[in-house]
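First up is the structure itself, then whatever we jot down about it.
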Amino acid sequence: MSAPVFDLVVVGGGINGAGIARDAAGRGLKVLLVERSDLGSATSSASTKLIHGGLRYLEHYEFKLVRHALAERERLWAIAPHIIWPLRFVLPHRKGLRPAWLLRLGLFLYDHLGGRKRLPATVTRRLRTDPVGRPLRDVSGIGFEYSDCWVQDNRLVVLNARDAAANGADIRVQTACIAARREADQWQLTLQDEETGSRSEVRARAVVNAAGPWVDSFLSGVAGVNANGRARLVQGSHIVVPKLYDHDRCYIFQNPDGRIIFAIPYEDDFTLIGTTDQDYRGDPKDVKASPAEIAYLVKAISSYFQRPITEADVVWTYSGVRSLYDDGAANAQETTRDYVLSLDHGPGRAPLLSVFGGKITTYRCLAEDALDKLAVVFPDTGGKRGWTATRALPGGDFPPGTAGDVARDLRQRYGFLSEREAQRLVRHYGLEARDILGTARRREDLGRDFGGSLTESEVLFLMDREYARTAADIVWRRTKSGLRMTPDQIDALDAFMAERRRQADAPKAVASG
């Protein structure tokens, strides 16, 4: 049998790959996305989980990048108001570091560069009398409060992939592209199922290399194209501790080494602290927060809070590798976060587009620019440019800022839900929370309780609609239920999911036999 032919094969199921697949499928292209692990399982689930302009990038004169990202904040909030919501950040001034006038100037630019409309502007806080100053120590008494947004990062990836599928894209997880060769105006690709080892062939008019930290290795090792070391791998790590304060503001702290770190309310009961920035030279799949990084974050955050923390307070860590474009910067934190799209194409050579760098905030713009680059082979798609800026992602078809109303409506429909449970469901699934709850009249109707407020009904939704195959996909990526589950509970969930997959695969095996 001849190999199926796609217009576009996207290699890599992180936020950039999922965003490109969504945009391309919505423009009418026949799209295949392959991800060798889980959607967003690497860098895209290891972010600081912010939709933001990047205040610190102003210091490096990245005005275009900051303006671009600031303009996207409210667009993304509008299309995904269930998984994106506004946050207020407090930036305390500390003597001996950046002067207060410079901080205020930077925030003035931050307020006005990106066409802010809904998000509130910067205000000055007197930290010795304002409640936001009470947890702090060794600050000058002046602070500035500004706006950015939070995002459920893995869910953003998954919802883009789901919307791509709704527009006809073929999404395959646990599928690696192990070989790619040009044959005139097409690519011949060999795919491998990572669970069974079975192989298949497909053809494509164009390929997008959105492999993230593996972008160079895909170029040289799979596609046979000289990569020339264009990616700079930078590790960023985070720690999670029991919550350090009771209000809903976040903090952004300056450190004497010039870096900044965030302290962000996380999953109701915790505080998220990060991130680090250091060059990484190992295999990206082996990345984890190092003892030195954990110690650095603990020391930095303790210098700002009245109640210091220790490494014993850390309940979870996560780490990711950013694939930045190597612009020759002296150190990791100065390397550009802007994206670079490299197109390898010529007469008789099918195009290969490689993605370097980028921020989760600008993924949608990156996808549009990628399709612009590929207009050399898909000239009829230009008229549909921009459609992703207004179409809601699954579950997010309600006005931004009204997620609380959706949660209250959910509680009225399902009286057995607590306020906290209803809010969690809406902030993960939006209007699709009703699909999980279905006709349930009591909690027991949702099936088995796996712990961490995770029910069988939710697990089946994530398996059937959102490509989840293992417990880790659910408890550490789709949700953060693992923070409240025991290892035994997670193992039980893994066994349940494995058995359900086996049952689902059995009829297919009989049919093929």
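Geometrically, Lys49 engages Tyr318 in a cation-pi contact, judged by NZ or CZ lying under 6.0 Å from the ring centre and within 45° of the ring axis. For the pair Arg203 and Trp187, the cation-pi test (distance below 6.0 Å, angle within 45°) is failed. Judged by the 6.0 Å distance and 45° axis criteria, Arg427 is not positioned over the aromatic ring of Trp150. Tyr110 carries Arg73 over the face of its six-membered ring, with the cationic atom under 6.0 Å from the centre and within 45° of the normal.
Note on ring orientation: taking the six-membered ring where Trp is involved, the planes of Phe262 and Phe89 are perpendicular (angle over 60°, cut-offs 30° and 60°).
Taking the centre of each ring, Tyr363 and Tyr339 stay at or above the 6.0 Å mark. In this structure, the ring of Phe63 has its center no less than 6.0 angstrom from the ring center of Tyr57. The aromatic ring centroids of Phe450 and Phe496 lie less than 6.0 Å from each other.
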Query raised in the report: Can you list the steps and then say if Leu462 with Asp473 is a side chain to side chain contact (heavy atoms under 4.5 Å, CB included)?
Result: CA-CA 9 Å; Leu462 292 167; Asp473 298 346; over 6 Å; no
Query raised in the report: side chain to side chain contact (heavy atoms under 4.5 Å, CB included) between Cys177 and Thr190: does it pass, once the steps are laid out?
Result: CA-CA 6 Å; Cys177 179; Thr190 303; over 6 Å; no
Query - Working for side chain to side chain contact (heavy atoms under 4.5 Å, CB included), residues Leu431 and His82 - result: CA-CA 8 Å; Leu431 298 178; His82 47 331; over 6 Å; no
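Under 4.0 Å is where a charged nitrogen must lie from a carboxylate oxygen, and between Arg385 and Glu368 at least one such pair does. Of the charged side-chain nitrogens involved, at least one lies within less than 4.0 Å of a carboxylate oxygen, so that Arg182 and Asp344 count as a salt-bridged pair. The pair Arg75-Glu72 meets the salt-bridge criterion, with a side-chain N (NZ, NE, NH1 or NH2) lying under 4.0 Å from an Asp/Glu carboxylate O. Taking 4.0 Å as the cut-off between side-chain N and carboxylate O, Glu62 and Arg337 do not count as a salt-bridged pair. Salt-bridge formation is detected for the pair Arg27/Asp23: a Lys NZ or Arg NE/NH1/NH2 atom is positioned less than 4.0 Å from an Asp or Glu carboxylate oxygen. Salt-bridge check for Glu432 with Arg434: failed, with every basic side-chain N at 4.0 Å or more from each acidic carboxylate O. With respect to the salt-bridge test (charged N to carboxylate O, under 4.0 angstrom), the residues Arg469 and Glu195 qualify.
Screening Arg391, Arg364, Arg465 for a salt bridge (charged side-chain N to carboxylate O under 4.0 Å, His left out) involving Asp163 leaves a single residue, Arg391.
A distance of 6.5 Å separates CZ in Arg155 from NE2 in His428, rounded to the nearest 0.5 Å. Rounding to the nearest 0.5 angstrom, the gap separating the SG atom in Cys250 from the CG atom in Leu87 is 4.0 Å. Atom-to-atom distance recorded for Ile15:CD1 and Asn160:CG is 4.5 Å, nearest 0.5 angstrom. Remark: Leu70 CG to Thr362 OG1 distance equals 11.5 Å, nearest 0.5 Å.
Judged as a salt bridge (Lys or Arg N to Asp or Glu O under 4.0 Å), the pairs with a partner in residues 3-15 (not counting sequence neighbours) are, in order, Asp7-Arg205.
For the pair Arg259 (side chain) and Asp277 (backbone), a donor-acceptor distance under 3.5 Å is present. Checking side-chain atoms of Asn16 against main-chain N and O of Ala210 turns up no donor-acceptor pair under 3.5 Å. With hydrogens and angles disregarded, no donor-acceptor distance shorter than 3.5 Å links the side chain of Glu456 to the backbone of Gly447. Listed for the Ser47 side chain is no donor-acceptor partner under 3.5 Å among the backbone atoms of Ser44. Using a distance-only test at 3.5 Å, with no hydrogens or angles considered, a donor-acceptor pair links the side chain of Ser217 to the main chain of Trp214.
Taking 4.5 Å as the limit, some side-chain heavy atom of Val202 sits within range of a side-chain heavy atom of Leu32. Counting heavy atoms from C-beta outward, Val34 and Ile171 have side chains that stay 4.5 Å or more apart.
Counting non-hydrogen atoms of neighbouring residues, nucleotides and ligands closer than 6.0 angstrom, the CG atom of Asp435 exceeds 12 such neighbours.
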